[in-house]
Amino acid sequence: MDKTYQPAAIERRWYDRWEQAGHFSAAGDGAPYCIMIPPPNVTGTLHMGHAFQDTIMDALTRYHRMRGDRTLWQPGTDHAGIATQMVVERQLATQGLSRLELGREAFLARVWEWKEQSGNTIQQQLRRMGSSVDWSRERFTMDEGLSQAVIEAFVRLHDEGLIYRGKRLVNWDPVLHTALSDLEVLSAEEDGHMWHFRYPLADGSAHVVVATTRPETMLGDTAVAVHPEDPRYADLVGKSIRLPLTDREIPIIADDYVDPEFGTGCVKITPAHDFNDYEVGTRHALPLINIFTIDAALNENAPAPYRGLGRYAARERVVADLDAAGLLERIDPHKLMVPRGDRSGEVVEPYLTDQWFVRAGPLAKPAIEAVESGRIRFIPENWDKTYYEWMHNIQDWCISRQLWWGHRIPAWYDDDGNVFVGRTEAEVRARHGLAAETALRQDEDVLDTWFSSALWPFSTLGWPAATPELQTFYPTSVLVTGFDIIFFWVARMIMMGIKFMGDVPFREVYIHGLIRDQEGQKMSKSKGNVLDPLDLIDGTDLESLVAKRTTGLMQPHLAPKIEEATRKQFPDGIPEFGTDALRFTFAALASNGRDIRFDLNRIEGYRNFCNKLWNAARYVLLNVEGAEIAAAGTEPSSLPDRWIRSRLGKTIAEVTMQIGQYRLDLATRALYEFTWNEYCDWYLELSKPILQGAGDAAEKAATRATLTTVLETLLRCLHPLVPFITEEIWQRVAPFTGRTTDGASIMRQPYPEATDFPGDEDAERELDWVQRFVLGIRQIRGEMDIAPGKPLPVFLQDANANDQALLGKHERYLMELARLETIAVLPAGEDPPPSATALLGTMKILVPMAGLIDVAAERARLNKNRERVSTGLQRVAGKLANEKFRANAPAEVIAKEEQKFAGMEQEIGQIDEQLARLDALD
RNA sequence: AGGCGCGUAGCUCAGUUGGUUAGAGCGCCACGUUGACAUCGUGGAGGUCGUUGGUUCGAUUCCAAUCGCGCCUACCA
């Protein structure tokens with residue numbers, strides 16, 4: 001084995017072998033366990049969030065597979081309609097081409113081409129992460145099978161009246177020329193203005209003042225509204241306004257939508273261009289005047305001077321014209337929430353169009369109940385509030401998109417505008433008795449990508465066919481995802497799953513936190529703070545990192561700033577850490593739903609952990625190769641053997657429990673601490689006096705068995721988190737535990753059981769004594785500045801029978817680990833030489849000062865300890881003196897405090913004794 | 001406006017149903033390299049657990065208020 005852990009060398013070796021051996025496929029007849037990967041965008045790349053999520057899913061998958069479950073981690077990607085279409089359109093634009101010039105079919109061919117070309121990046125990255133997904137079952141939302149599922153779902157929902165087509169106000173992206181669902185619109189506060197206009201009454205008797213943030217929409221006003229109980233305007237209701245700049249008269253209406261406290265209490269109503277106004281318009285049967293084209297320029301419904309102007313140009317013109325007419329009262333600066341398309345970044349326009357909608361109410365009801373009844377559990381559970389909040393206020397879902405890339409809507413129109421829905425044109429004709437001569441044309445639009453994603457948990461398993469996979473794996477076990485996607489995806493999967501499968505799509509939803517950068521900023525391309533997981537795995541130099549962060553920016557002017565920040569933060573680039581270290585880091589940081597600041601120091605620490613494990617294995621192998629090893633099942637004889645097995649059992653129990661409740665961070669910590677602080681720091685050190693001493697062969701053989709058994713078991717425990725290094729070491733170590741590794745893999749070995757390593761309290765108590773003995777000496781050594789290698793003579797004073805018995809049994813460990821020259825028990829009554837002291841219960845461990853220790857230093861050291869104990873003592877004494885404490889606290893708490901008190905009192909007594917002895921020296 | 005979360009050592013974070021002398025890693029200080037590992041070892045320093053009240057014999061933990069930060073949802077023209 002190499003002297004240091006070299007991740008690149010070992011990680012490349014294993015993935016292909018696992019895959020070729022078919023280890024990723026569900027096998028056996030255990031309980032089914034299934035995780036659906038949240039499908040990433042097929043043309044995208046894996047970012048830190050994915051890598052984190054994939055680590056969690058892979059750890060769970062490997063864990064359950066080792067536990068003997070029939071485990072499937074289902075991979076795949078989605079087609080990301082808008083995003084992908086935009087990318088390809090941008091590519092075309094660089095060649096001076098547009099989608100419209102190319103035509104639908106040719107364009108789609110280009111998209112498929114792009115998908116083929118870039119579409120396997122994610123797959124390669126997943127492989128590098130060690131993800132044990134079943135590639136043989138990989139799916140893509142635009143696959144034949146999944147497309148069938150989409151059509152089937154659409155037709156069934158339509159047949160039940162749960163999908164309808166209607167002219168509604170929707171969020172319109174004037175750049176992409178498509179409708180968007182509410183969720184694809186992001187609102188953010190921006191600086192704007194509030195314009196106040198005078199609207200004259202038709203009879204010329206007066207005017208009202210209305211305020212607006214969007215002056216151009218006044219050209220589409222069809223009413224002015226006031227609150228029905230507003231005394232200021234009560235006599236105006238029913239009168240008319242002469243709408244300026246137009247030749248229209250519009251009514252003044254009363255509606256309690258108006259807040260009389262806000263502004264003037266008069267509101268202009270533009271039903272065709274504002275969601276609230278639309279509602280008001282519906283209630284009052286107001287006409288809808290659409291004044292915009294699909295580009296958000298003014299159309300022929302606007303007065304002639306404004307036609308053809310873009311909305312912002314029109315705004316300036318309207319304001320100027322009203323000002324010229326003396327109708328501009330004032331302009332105030334105003335902050336307002338501006339809705340923008342999440343893809344185009346353009347301000348979306350409420351726009352009246354024909355769209356397809358899913359009636360959400362009836363689907364939401366059982367989906368809410370599924371969570372309320374506990375059939376689906378959120379982890380952490382408070383996310384259910386977010387879910388309920390949205391589900392109780394759910395709006396109908398606009399599912400049609402005016403795009404080409406996606407599932408074409410299975411609806412056909414005849415020349416009279418009648419619409420027919422069916423799985424195919426043939427079916428439509430058959431169902432509706434349409435003659436072959438009747439011309440039919442299919443709806444031009446496609447479905448929202450999330451519509452197909454909502455079917456993912458069952459479409460990937462073969463639905464609508466009743467496949468064995470569906471039978472076996474649905475409902476799936478757990479969904480692992482980020483909170484940002486609860487509405488987009490989680491809620492919709494639950495609705496569709498219950499609708500079409502009659503059962504929930506998953507039993508648990510594990511919501512993890514967001515990966516942020518070192519400063520706690522969200523990672524994003526435009527901030528230039530993204531990290532590619534592969535750069536952490538393989539390392540990268542500064543120039544490559546700068547290049548990666550500054551190319552392909554949406555806002556190229558940010559490049560210099562990003563470059564500067566990157567050079568500052570990573571002056572030497574990023575070193576190679578390896579996949580296992582990255583995974584261990586993610587797991588260690590995966591505490592309950594909390595966001596994660598990704599810190600390079602942390603991953604470095606876990607790479608060091610891998611190195612530690614690696615070297616522990618080196619030590620074990622060096623000591624067992626070619627040597628006699630006790631047969632499996634031989635009773636451990638030595639204290640260290642009994643102790644480490646006991647500790648291992650408890651660690652397994654802890655890890656198993658923590659994984660069971662999705663606390664990968666705590667599972668990780670238990671493993672880290674066992675490996676480093678117990679196995680390496682103590683057990684390996686304790687094995688040295690046995691193996692290197694002149695002890696008997698049987699004991700050595702038993703120690704070798706424990707060395708290998710514990711390591712082999714530990715590797716299996718760690719494997720779900722760090723698959724590569726554990727496989728590599730396991731292949732070398734397992735044969736020494738009587739296992740065959742011919743063609744075997746650790747990933748198909750059983751997960752360790754705590755019951756195989758029962759607790760041994762006697763051994764733990766005895767070893768604790770040994771440890772405290774050694775630590776006492778080390779402390780003196782450390783604080784007295786005595787060379788670590790210098791052998792020390794030691795006297796024991798007031799050693800009781802137990803101490804003497806333990807000393808008799810374990811002296812060799814003390815000698816070795818504490819680097820001692822001699823240990824002598826002082827007979828009762830005999831005065832010890834001047835010494836530095838450590839306390840172990842009632843016993844004093846004395847290191848004679850002779851030339852080694854400075855009296856003043858030892859006095860200071862003792863005083864420091866005395867101080868510390870004394871503070872604790874006062875605290876406990878205060879408690880015990882409190883009558884109420886004695887009266888109310890449980891007996892065991894009181895007993896514990898009393899014990900503590902006695903212990904500390906004794907300790908102080910001993911310290912004082914030593915101090916007195918030192919004084920006597922002066 | 002409503003909802004959720006966070007505030008513990010210089011930094012990043014644990015802290016299970018109230019009872020620990022409040023922990024870990026990194027960083028820091030001192031010493032150390034014939035040894036499985038310097039990607040290491042040994043020892044050490046470092047915290048009035050955001051603030052203020054309350055409940056309690058006892059609060060980092062429960063409750064209320066408050067300050068600061070973050071996120072989500074919905075928004076008044």
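Letters A, B, ... mirror the listed sequences (proteins, then strands); counts begin at 1.
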A.B. asks: Do A/Leu286 and A/Ile253 come within less than 4.5 Å of each other through their side chains, counting heavy atoms only?
C.D. replies: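 In short, these two side chains touch, coming nearer than 4.5 Å.
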A.B. asks: Of all the nucleotides listed (B/C72, B/G19, B/C37), which has the minimum atom distance to the side chain of A/Phe487?
C.D. replies: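 When the side chain of A/Phe487 is considered, B/C72 is the closest of B/C72, B/G19, B/C37.
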A.B. asks: Do NZ/NE/NH1/NH2 and the carboxylate oxygens of A/Glu678 and A/Lys650 come within less than 4.0 Å?
C.D. replies: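 Answer for the salt bridge query: no.
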A.B. asks: With heavy atoms under 4.0 Å as the rule, sort A/Ala616 into base, sugar-phosphate or nothing.
C.D. replies: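 Since a base atom lies under 4.0 Å of A/Ala616, the category is base.
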A.B. asks: Reckon A/Arg819 touches a base, only the sugar-phosphate, or nothing at all at heavy-atom distances under 4.0 Å?
C.D. replies: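 Counting heavy atoms under 4.0 Å across all strands, the contact made by A/Arg819 includes a base.
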A.B. asks: Take atom P in B/C63 and the same atom in B/G7, then report the distance between them in whole Å.
C.D. replies: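 Nearest-Å result for B/C63 against B/G7 at atom P: 15 Å.
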A.B. asks: From C-beta outward on A/Lys612, which listed nucleotide comes closest to its side chain: B/C4, B/A77, B/C37?
C.D. replies: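 Minimum distance to the A/Lys612 side chain belongs to B/C37.
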A.B. asks: With a 4.0 Å cutoff (strictly under), does any side-chain N or O of A/Arg663 reach OP1 or OP2 of B/G15?
C.D. replies: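 Yes, such a contact exists.
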A.B. asks: Heavy atoms only, 4.0 Å cut-off, all strands: where does A/Asp259 land among base, sugar-phosphate and nothing?
C.D. replies: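 Base contact.
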A.B. asks: From the options B/G3, B/C76, B/U20, select the nucleotide whose nearest atom is closest to the side chain of A/Asn276.
C.D. replies: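 It is B/C76.
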A.B. asks: When you measure from the side chain of A/Arg607, which nucleotide among B/C37, B/C13, B/U39 comes out closest?
C.D. replies: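 Shortest atom-to-atom distance from the side chain points to B/U39.
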A.B. asks: Can you tell me the pairing partner of B/G58 across any strand shown, Watson-Crick or G-U wobble, with both distances under 3.5 angstrom?
C.D. replies: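 Its partner is none (no Watson-Crick or G-U wobble pair with both distances under 3.5 Å).
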A.B. asks: To the nearest Å, how far apart are A/Lys896 NZ and B/U20 C1'?
C.D. replies: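 Interatomic distance, NZ of A/Lys896 to C1' of B/U20: 7 Å.
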A.B. asks: Rounded to whole angstroms, how far apart are CD1 on A/Ile511 and C1' on B/G5?
C.D. replies: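 About 14 Å, once rounded to whole Å.
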A.B. asks: Whole-Å distance between B/A77 P and A/Lys268 NZ?
C.D. replies: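 The distance from NZ of A/Lys268 to P of B/A77 comes to 12 Å, rounded to the nearest Å.
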A.B. asks: Need the pair for B/G10. Rule: Watson-Crick or G-U wobble, both distances under 3.5 Å, any strand; none if unpaired.
C.D. replies: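 B/C26 is the nucleotide pairing with B/G10.
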A.B. asks: Less than 4.0 angstrom between a side-chain N/O of A/Thr213 and OP1 or OP2 of B/A77, yes or no?
C.D. replies: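 No.
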A.B. asks: Please give the distance between the P atoms of B/A77 and B/A59 as a whole number of Å.
C.D. replies: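 Rounded to whole Å, the distance is 49 Å.
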A.B. asks: Any Lys/Arg nitrogen of A/Arg214 or A/Glu349 sitting under 4.0 Å from an Asp/Glu carboxylate oxygen of the other?
C.D. replies: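 Here A/Arg214 pairs with A/Glu349 in a salt bridge, since their nearest N and O are under 4.0 Å apart.
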A.B. asks: Counting Watson-Crick and G-U wobble pairs only, both distances under 3.5 Å, name the nucleotide matched with B/G41, or none.
C.D. replies: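 Answer to the pairing question: B/C31, which forms a Watson-Crick or G-U pair with B/G41.
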A.B. asks: Using the P atom in both, what is the distance from B/U56 to B/U42, to the nearest Å?
C.D. replies: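 Taking atom P in both B/U56 and B/U42, they lie 48 Å apart.
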A.B. asks: Name the nucleic acid region contacted by A/Leu621, choosing base, sugar-phosphate or nothing; use a 4.0 angstrom heavy-atom cut-off, strictly under.
C.D. replies: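 Since no nucleic acid heavy atom lies under 4.0 Å of A/Leu621, the category is nothing.
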A.B. asks: Provide the distance between the two C1' atoms, one in B/C49 and one in B/G15, to the nearest whole Å.
C.D. replies: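 About 11 Å, rounded to a whole number of Å.
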A.B. asks: Both A/Asn393 and A/Asn608 contact RNA chain B. Which one's nearest nucleotide lies toward the 5' end?
C.D. replies: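 It is A/Asn608, whose closest nucleotide lies nearer the 5' terminus.
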A.B. asks: Across the strands shown, which category fits A/Trp676 at heavy-atom distances under 4.0 angstrom: base, sugar-phosphate, nothing?
C.D. replies: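 Sugar-phosphate contact only.
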A.B. asks: Between B/U17 and B/A64, how far apart are the C1' atoms? Round to whole Å, please.
C.D. replies: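 So the two C1' atoms sit 22 Å from each other.
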A.B. asks: Is A/Arg214 touching bases, backbone alone, or none of the nucleic acid, heavy atoms closer than 4.0 Å?
C.D. replies: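 The residue A/Arg214 makes no contact with any strand.
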A.B. asks: By the 4.0 Å heavy-atom rule, please label A/Asn601 as base, sugar-phosphate, or nothing.
C.D. replies: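 Sugar-phosphate, backbone atoms only, no base.
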A.B. asks: Do A/Lys335 and A/Asp191 sit within salt-bridge range, that is, some charged N less than 4.0 Å from a carboxylate O?
C.D. replies: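 Salt bridge flag = yes for A/Asp191 with A/Lys335.
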A.B. asks: Is the Lys NZ or Arg CZ of A/Lys612 less than 6.0 Å from the centre of A/Tyr672's six-membered ring, within 45° of the axis?
C.D. replies: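 Geometry flag: not set, cation outside 6.0 Å or 45°.
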A.B. asks: Which nucleotide sits closest to the side chain of A/Gln692: B/A36, B/G19, B/A77?
C.D. replies: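 Among the listed nucleotides, the one closest to the side chain of A/Gln692 is B/A36.
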A.B. asks: Are any of the side-chain nitrogens in A/Glu867 or A/Lys864 under 4.0 Å away from the carboxylate oxygens of its partner?
C.D. replies: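 Between A/Lys864 and A/Glu867 there is no salt bridge, as every charged N stays at least 4.0 Å from the carboxylate O atoms.
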A.B. asks: From the options B/A36, B/U12, B/A77, select the nucleotide whose nearest atom is closest to the side chain of A/Phe262.
C.D. replies: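 The answer is B/A77.
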A.B. asks: With sugar-phosphate meaning primed atoms plus P, OP1 and OP2, does A/Cys266 contact a base, only sugar-phosphate, or nothing at under 4.0 Å between heavy atoms?
C.D. replies: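 Contact class for A/Cys266: none.
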A.B. asks: Could you state the atom-to-atom distance from CH2 of A/Trp614 to P of B/C40 in whole Å?
C.D. replies: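 Value for this atom pair: 16 Å.
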A.B. asks: Hey, what do you get for CG (A/Leu721) to CZ (A/Phe584), rounding to the nearest 0.5 Å?
C.D. replies: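 Answer for the CG-CZ pair, A/Leu721 versus A/Phe584, is 6.0 Å.
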A.B. asks: Can you figure out which of B/C75, B/U21, B/C37 approaches the side chain of A/Lys900 most closely?
C.D. replies: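 It is B/U21.
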A.B. asks: Just how far, in rounded Å, is P of B/G25 from CD of A/Glu604?
C.D. replies: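 Rounded to whole Å, this separation is 15 Å.
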A.B. asks: Return the nucleotide paired to B/U73: Watson-Crick means purine N1 to pyrimidine N3 with N6-O4 or O6-N4, wobble means G-U with N1-O2 and O6-N3, both under 3.5 Å.
C.D. replies: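 Base-paired to B/A1.
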A.B. asks: Counting side-chain heavy atoms from CB outward, which of B/A38, B/U20, B/A77 is closest to A/Lys3?
C.D. replies: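 Minimum distance to the A/Lys3 side chain belongs to B/A38.
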A.B. asks: Does the pair A/Glu898/A/Arg886 count as a salt bridge with the N-to-O cut at 4.0 Å?
C.D. replies: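 Salt bridge present between A/Glu898 and A/Arg886.
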A.B. asks: Let me know the distance between CG of A/Leu691 and P of B/G35, rounded to the nearest Å.
C.D. replies: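 Computing the A/Leu691:CG to B/G35:P distance gives 17 Å.
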A.B. asks: Please tell me which of the listed nucleotides, B/A77, B/A30, B/A24, lies nearest to the side chain of A/Asp785?
C.D. replies: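 Looking only at heavy atoms from C-beta outward on A/Asp785, the closest nucleotide is B/A30.
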A.B. asks: Which nucleotide in the set B/C57, B/U39, B/A36 lies at the smallest distance from any side-chain heavy atom of A/Lys884?
C.D. replies: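 Selected nucleotide: B/C57.
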A.B. asks: Remember a base hit wins even if backbone is also touched, and classify A/Lys688 as base, sugar-phosphate or nothing at under 4.0 Å, heavy atoms.
C.D. replies: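 Base contact.
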A.B. asks: Heavy atoms under 4.0 Å, any strand shown: does A/Glu685 hit a base, just sugar-phosphate, or nothing?
C.D. replies: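 A/Glu685: base contact, heavy atoms under 4.0 Å.
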A.B. asks: Below 4.0 angstrom, N of the basic side chain to O of the carboxylate: do A/Arg597 and A/Asp599 qualify?
C.D. replies: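 No, this pair does not count.
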A.B. asks: Assess whether a salt bridge exists between A/Arg732 and A/Glu728, defined as any Lys/Arg side-chain N lying under 4.0 Å from an Asp/Glu carboxylate O.
C.D. replies: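 A salt bridge links A/Arg732 with A/Glu728.
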A.B. asks: Any sub-3.5 Å donor-acceptor pair from A/Glu858's side-chain atoms to A/Thr837's backbone N or O?
C.D. replies: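 Yes: the side chain of A/Glu858 pairs with the backbone of A/Thr837.
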A.B. asks: Have a look at A/Val620 and say if it touches a base, only the backbone sugar-phosphate, or nothing, with a 4.0 Å heavy-atom cut-off.
C.D. replies: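 Nothing, no heavy atom under 4.0 Å.
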A.B. asks: For nucleotides 42-45 of chain B, give me every protein contact, N/O to N/O, under 3.5 Å, one pair per line with atom names.
C.D. replies:
| unit_1 | atom_1 | unit_2 | atom_2 | d |
| --- | --- | --- | --- | --- |
| B/G44 | OP1 | A/Gln779 | NE2 | 2.9 |

A.B. asks: Have a look at A/His196 and tell me which of A/Met194, A/His193, A/Arg198 forms a side-chain contact (heavy atoms from CB on, under 4.5 Å) with it.
C.D. replies: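 The single option meeting the side-chain contact (heavy atoms from CB on, under 4.5 Å) with A/His196 is A/Met194.
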A.B. asks: Would you mind classifying the nucleic acid contact of A/Arg875 as base, sugar-phosphate or nothing, using non-hydrogen atoms under 4.0 angstrom?
C.D. replies: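 A/Arg875: backbone/sugar contact only, no base atoms under 4.0 Å.
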A.B. asks: Taking atom P of B/G25 as reference, at what distance in whole Å does atom CG of A/Asp599 sit?
C.D. replies: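 One finds 15 Å between P of B/G25 and CG of A/Asp599, rounded.
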A.B. asks: How far does the P atom of B/A9 sit from the matching atom of B/U60, given to the nearest Å?
C.D. replies: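 Here B/A9 and B/U60 have their P atoms 15 Å from each other.
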A.B. asks: Taking the C1' atom of each, how far is B/U21 from B/G46, in whole Å?
C.D. replies: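 Approximately 16 Å lies between the C1' atom of B/U21 and that of B/G46.
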A.B. asks: On RNA chain B, check which nucleotide each of A/Arg597 and A/Asp182 is closest to and give me the residue with the more 5' one.
C.D. replies: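 This one resolves to A/Arg597.
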A.B. asks: Looking only at atom C1', what distance separates B/G47 and B/C13, rounded to whole Å?
C.D. replies: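 It comes out at 14 Å once rounded to the nearest Å.
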A.B. asks: Would you kindly give the CD-to-P distance between A/Glu892 and B/G19, to the nearest whole Å?
C.D. replies: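 Checked: the CD to P distance equals 12 Å.
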